[in-house]
Novice: 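Mind having a look at this structure? Questions to follow.
In this text the structure is predicted, and so the values were computed from the model without any measurement. Whatever order the structure lists ligands and atoms in, that order sets their numbers, starting from 1.
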Amino acid sequence: MRFVRSALSVAAATFATLIAAPSLAQETLKLSLAIGQNSHYGVAVDVLAKEVEKRTNGRYKIQNFYSGALGAEREAIEGVQLGTIDLTMTSSGPIPNFVPETAILDIPFLFRDYDHARRTLDGPIGQELLTKFPSKNIQALAWGENGFRHMTNNKRSVNAPDDLKGLKMRTMENPVHMQAYKQFGIIPTPMAFTEVFTALQQGTVDGQENPLSVISAAKFVQVQKYITLTGHVYSPALILMNKAKWDKLSPADKQAFNEAVKEAIKANRARIDDDERRVVGELKAGGMTVVEVVDKSKFQATLQPTFVEFGKKFGQANIDKIRNYK
Ligand code: EAX
């Protein structure tokens with residue numbers, strides 16, 4: 001009897017050890033980034049990798065590939081969709097080509113400020129849009145941030161909308177941006193981000209538009225003379241994962257990933273807050289002419305015909321719901 005009991009307790013102890021011990025199975029996931037490590041995305045995906053490893057007891061590791069080493073943003077999204085890349089952090093630029101519903105967020109002058117944008121994306125409007133991804137084989141883990149975009153070029157100082165006329169500007173492969181920028185009189189030239197520095201350097205395009213965080217990370221100060229703080233559009237970002245990979249995770253691991261993603265987004269936004277305070281000084285020191293005071297109402301007025309078209313396309317009520325979100 002005594003023997004049986006102790007044999008049983010040994011068996012129980014062994015079983016307990018087996019289920020408590022971290023499983024040895026380990027998987028490394030590949031994450032693609034179009035911009036460099038020293039950036040508002042780089043800090044986010046570094047935090048993501050660290051937190052995922054910690055919160056899954058090392059069963060999942062994330063290997064980050066920076067600076068477009070695995071391709072540009074559209075290729076990364078395609079890779080995530082196909083499963084050849086596990087994760088990406090990307091701007092919303094090419095996203096409407098995959099999930100058209102998100103295009104509403106790319107409308108110029110939609111968000112008043114960072115607080116408005118962040119609260120909208122974290123709230124029901126943003127969260128509802130994330131549910132549009134799984135049917136495209138993509139799990140959208142969270143909205144992140146790229147930032148308010150500003151115009152840079154090599155031709156002239158832009159003080160008013162008329163100064164934009166005839167400028168050949170690289171744009172993202174984003175239909176909403178391209179439609180609006182045409183209204184400014186810009187000649188939009190869609191191009192993958194990984195090609196922009198060279199295009200600016202060689203004069204293939206006169207300018208481009210991006211948030212201060214990107215302008216700094218990509219060192220555009222070396223190839224651009226003028227910047228105007230137009231803040232003409234807010235640029236969201238996303239952390240995306242291959243859906244089959246996501247579905248394979250246990251409920252506990254899904255929670256671990258979600259918590260890690262939250263930390264990553266915090267780091268992403270904190271770095272942008274920091275860049276917003278720091279980068280204008282850096283650009284001036286680098287010799288750029290910075291137009292800081294901009295009458296945004298003039299730029300908005302120029303876009304009026306496009307706003308009417310967007311109202312028809314997306315539903316004016318849907319646009320107003322975002323504009324007025326508190
Ligand atoms: O996602 O393509 C772009 O201009 C993006 O803003 C940049 O790559 C960061």
Side-chain angles (χ1 to χ4, degrees), residues 31-45 48 64-80 85 87-98 102-103 105-108 111 114 117 121 140 142-153 168-178 180-181 186 188-201 204-221 223-224 227 229-240 264-265 267-269 271-272 275-276 279:
L31 183 147
S32 171
L33 209 61
I35 63 175
Q37 183 173 18
N38 184 11
S39 69
H40 57 314
Y41 291 178
V43 292
V45 300
L48 181 69
N64 290 325
F65 293 83
Y66 311 95
S67 305
L70 298 184
E73 290 192 335
R74 183 159 48 80
E75 283 134 27
I77 301 162
E78 277 162 8
V80 167
I85 295 172
L87 292 143
T88 187
M89 182 164 188
T90 175
S91 74
S92 67
I95 295 286
N97 303 311
F98 299 82
T102 63
L105 299 175
D106 297 315
I107 295 175
F111 295 105
Y114 278 108
L121 296 173
W143 289 106
E145 185 162 81
N146 194 16
F148 280 95
R149 303 178 80 90
H150 307 297
M151 307 267 184
T152 74
N153 82 93
K168 195 170 175 197
M169 302 268 287
R170 176 270 174 176
T171 72
M172 295 200 286
E173 298 158 88
N174 183 287
V176 170
H177 287 191
M178 288 173 64
Y181 301 167
I186 285 171
T189 310
M191 192 186 289
F193 183 74
T194 40
E195 293 163 35
V196 180
F197 188 94
T198 310
L200 294 170
Q201 194 171 41
T204 320
V205 290
D206 301 319
Q208 64 86 46
E209 43 79 59
N210 249 304
L212 290 173
S213 294
V214 175
I215 291 168
S216 171
K219 300 193 167 54
F220 286 161
V221 67
V223 286
Q224 291 283 267
I227 177 166
L229 302 185
T230 43
H232 53 278
V233 69
Y234 176 80
S235 184
L238 288 148
I239 298 181
L240 305 176
I265 300 304
N268 165 233
R269 290 172 173 173
R271 170 64 183 257
I272 289 172
D275 288 345
E276 290 288 329
V279 174

Novice: Closer than 4.0 angstrom: is that true for some heavy atom of R149 and an atom of ligand 1?
Specialist: yes
Novice: Note the single closest protein heavy atom to atom 1 (O) of ligand 1, along with its residue, its atom name and the distance in Å.
Specialist: E73 OE2, 2.6 Å
Novice: Got the closest protein heavy atom to atom 8 (O) of ligand 1, with its distance?
Specialist: F193 CG, 3.1 Å
Novice: Report, in ascending order of atom number, the atoms of ligand 1 lying under 4.0 Å from any heavy atom of M172.
Specialist: 2 (O), 3 (C), 4 (O), 5 (C), 6 (O)
Novice: Looking at every non-hydrogen atom in both residues, tell me the closest pair between T194 and A72 and how far apart they are.
Specialist: OG1-CB, 3.5 Å
Novice: Do Y66 and Y41 have ring centroids that are under 6.0 Å from one another?
Specialist: no
Novice: Check each heavy atom of S91 against ligand 1 and say whether those closer than 4.0 Å belong to the side chain, the backbone, both or neither.
Specialist: both
Novice: F148 vs Y234 aromatic rings, parallel, tilted or perpendicular, using cut-offs 30° and 60°?
Specialist: perpendicular
Novice: For D275 versus S213, what's the shortest heavy-atom pair and its separation?
Specialist: OD2-OG, 2.7 Å
Novice: Scan side-chain atoms only and decide if Y114 and E145 contain a donor-acceptor pair under the 3.5 Å cut-off.
Specialist: no
Novice: Check G144 against L121 and note the closest heavy-atom contact, atom names and distance.
Specialist: O-CD1, 4.2 Å
Novice: With a cut-off of 4.0 Å, which atoms of ligand 1 are near a heavy atom of Y41?
Specialist: 1 (O), 9 (C)
Novice: Of the choices E195, R170, E209, Q208, which has the non-hydrogen atom that lies closest to atom 2 (O) of ligand 1?
Specialist: R170
Novice: Side chain, backbone, both or neither: which part of T90 has a heavy atom under 4.0 Å from ligand 1?
Specialist: neither
